[in-house]
Each structure stands twice: as structure tokens, then as C-alpha cells.
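The structure appears below as C-alpha cells.
The figures here come from the full heavy-atom set of this structure, side chains too, leaving out hydrogens, waters and symmetry mates.
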Amino acid sequence: MNFFRHRPLGLPAFALLITVAGCSSADDSASAAVPSPGAGVTKLCRELDRVLPSKVDDQDRRDPEPASALTAGWGDPAIILRCGVERPSKMDDPEADGVEVNGVGWLLEKQDDGSFRFTTTLRKAYVEVTIPKDRTDDGMAPLVDLAPTVKKAIPEGIAD
């Protein structure tokens with residue numbers, strides 16, 4: 001069964017929507033900047049938080065600091081999800097890389113530190129997932145675990 005489909009985004013900027021997670025670690029616990037979206041997106045993100053899995057890529061949930069319904073984490077080093085992030089400027093690039101995982105489109109961005117950041121496309125809120133370089137051997141397995149809950153909580157469409 002093919003879970004992934006790699007393709008250039010090549011979509012008009014207005015047609016893209018992202019939600020993703022960011023990660024940095026300080027000593028033993030992860031931290032993540034908490035997004036500050038509008039009320040409608042915050043409501044969607046709270047619903048996403050309510051249905052997120054307790055395990056992602058066989059890692060237990062360990063939310064980053066500061067605690068927020070807009071952020072979540074799993075494992076150490078942490079896979080970090082942030083909901084309600086701003087639309088990445090990279091979405092304007094018709095050559096940007098994208099993947100589809102179980103019906104959810106993601107913008108793919110390799111970071112300077114070797115981690116990967118994925119941001120949802122064509123959803124009513126941008127969700128960002130950062131996979132640290134120490135976990136990139138697992139490929140996109142975390143997205144396989146997260147796609148069903150993103151599909152359930154964040155409707156298709158364009159973010160405001």
C-alpha cells in the first residue's frame with residue numbers, strides 16, 4: 001500500500017493551507033513557540049488537540065513547554081506539532097516540494113539543522129509538524145499517524 005505521494009506543490013498561493021509543528025530542545029524537555037491564530041482557527045486546533053493520538057511513530061506523547069492546546073509532542077528528541085501557524089512563504093514557490101500522506105497534503109521543508117518541517121496544505125488551519133534530524137530515519141512515519149486526526153479535526157479548504 002502506498003501511503004506517500006511526492007509531488008511539487010505547484011498550486012496557486014491562495015489554494016494552500018498549512019498547519020505545522022516546530023521544535024527545539026532545552027535540556028530534557030522540548031519547547032515550542034505557541035502560535036496565536038484567530039478564534040476560528042483556535043477552535044479547530046483545540047479540536048485537533050482533543051483527538052491527537054497518544055503515540056506517534058511508537059513514541060509516547062510528551063507535550064512541549066509552555067503547555068498549550070496549540071502544541072503537542074511525542075518522544076525524545078521530540079516530534080513537535082503546532083496548530084494555527086502562519087502560512088509559510090515557501091508555499092508561494094511553484095517548485096516547493098510537497099507530499100501527500102493518507103489524503104493530507106504537506107509542504108516539505110528541510111531545515112538547516114537537518115530536521116524536516118511539514119506544513120499542511122488546503123486545510124482551514126495550518127498545522128506544522130517538525131521531525132528532528134535524529135528521527136528522520138523513520139521517514140514520514142509520524143505523518144502516517146497524524147493524518148487521520150488532521151483529516152478529522154481540520155476541514156479541507158483555505159485558511160483565512
Side-chain angles (χ1 to χ4, degrees), residues 1-11 13 15-35 37 41 45 48-49 52-65 68 70-154 156 159:
M1 184 170 229
N2 185 7
F3 293 108
F4 312 111
R5 187 171 68 203
H6 185 270
R7 57 177 168 65
L9 282 177
L11 296 173
L16 298 176
L17 174 64
I18 293 185
T19 320
V20 157
C23 168
S24 67
S25 62
D27 54 42
D28 193 305
S29 63
S31 64
V34 177
V41 169
C45 292
L48 176 63
D49 184 62
L52 284 171
S54 60
K55 286 188 179 265
V56 168
D57 195 27
D58 293 325
Q59 301 296 307
D60 290 325
R61 187 163 173 178
R62 295 180 56 185
D63 288 347
E65 295 295 328
S68 170
L70 303 179
T71 61
W74 296 266
D76 183 22
I79 297 161
I80 300 289
L81 179 145
R82 297 188 318 133
C83 185
V85 299
E86 294 207 10
R87 181 183 182 281
S89 61
K90 187 72 173 174
M91 287 196 172
D92 292 332
D93 182 353
E95 299 299 315
D97 285 329
V99 294
E100 185 176 292
V101 180
N102 292 343
V104 177
W106 302 87
L107 168 70
L108 167 111
E109 297 176 276
K110 184 170 186 180
Q111 305 300 292
D112 291 338
D113 66 1
S115 65
F116 283 90
R117 180 172 59 205
F118 296 89
T119 303
T120 57
T121 62
L122 301 174
R123 297 273 158 191
K124 291 282 187 179
Y126 293 103
V127 177
E128 175 186 280
V129 175
T130 300
I131 302 173
K133 75 174 184 172
D134 295 344
R135 301 202 54 83
T136 56
D137 290 344
D138 300 332
M140 291 179 275
L143 301 182
V144 173
D145 293 339
L146 292 167
T149 56
V150 169
K151 283 174 71 172
K152 180 177 184 174
I154 310 293
E156 290 183 78

Margin query: To the closest 0.5 Å, what do you measure between CG (Leu143) and CZ (Phe116)?
Written below: 11.5 Å
Item checked: Separation between CD of Glu95 and CG of Asp97, rounded to the nearest 0.5 Å -> 9.0 Å
Notebook entry, point to check: Is a donor on one side and an acceptor on the other found under 3.5 Å between the side chain of Asp57 and the backbone of Gln59?
Noted result: no
Check: Rounded to the nearest 0.5 Å, what separation is found between the CG atom of Leu107 and the NZ atom of Lys90?
Finding: 8.0 Å
Check: What's the shortest heavy-atom distance between Leu70 and Pro35, and which atoms?
Finding: CD1-O, 3.3 Å
Notebook entry, point to check: Quick one: are Ile154 and Thr149 in side-chain contact, heavy atoms under 4.5 Å?
Noted result: no
Item checked: Set of side-chain hydrogen bond (donor to acceptor under 3.5 Å, both in side chains) partners for Asp60, sequence neighbours left out -> Lys55
Check: How close do Ala147 and Val101 get, heavy atom to heavy atom, and via which atoms?
Finding: CB-O, 3.5 Å
Check: Looking at residues at least two apart in the chain, or sitting in another chain, which of them share a side-chain hydrogen bond (donor to acceptor under 3.5 Å, both in side chains) with Asp49?
Finding: Arg61
Item checked: Considering all heavy atoms, the nearest Gly73-Asp63 contact -> N-OD1, 3.2 Å
Notebook entry, point to check: Looking at CG of Leu108 and OG1 of Thr121, how far apart are the two atoms once the value is rounded to the nearest 0.5 Å?
Noted result: 11.5 Å
Next item on the list: Could I get the full list of side chain to side chain contact (heavy atoms under 4.5 Å, CB included) partners for Lys151, not counting sequence neighbours?
Entry: Val104, Arg123
Check: CG/Asp145 to CD1/Ile79 distance, rounded to the nearest 0.5 angstrom?
Finding: 8.0 Å
Check: What's the shortest heavy-atom distance between Cys45 and Gly84, and which atoms?
Finding: SG-N, 3.4 Å
Margin query: Go through it in stages, so that I can follow the logic: the residues are Leu48 and Leu81, the test is side-chain contact (heavy atoms from CB on, under 4.5 Å), and I'd like the CA-CA distance, side-chain angles, deciding distance and then a yes or no.
Written below: CA-CA 11 Å; Leu48 176 63; Leu81 179 145; 4.2 Å; yes
Checklist line | Minimum-distance pair of heavy atoms, taken over all atoms of Asp134 and Pro77 | finding: CB-CG, 3.5 Å
Note to self: How close do Pro132 and Ser115 get, counting heavy atoms only, and between which atoms?
What the structure shows: CA-CB, 3.8 Å
Next item on the list: Working to the nearest 0.5 Å, report the span between CE of Met140 and CD of Glu100.
Entry: 11.5 Å
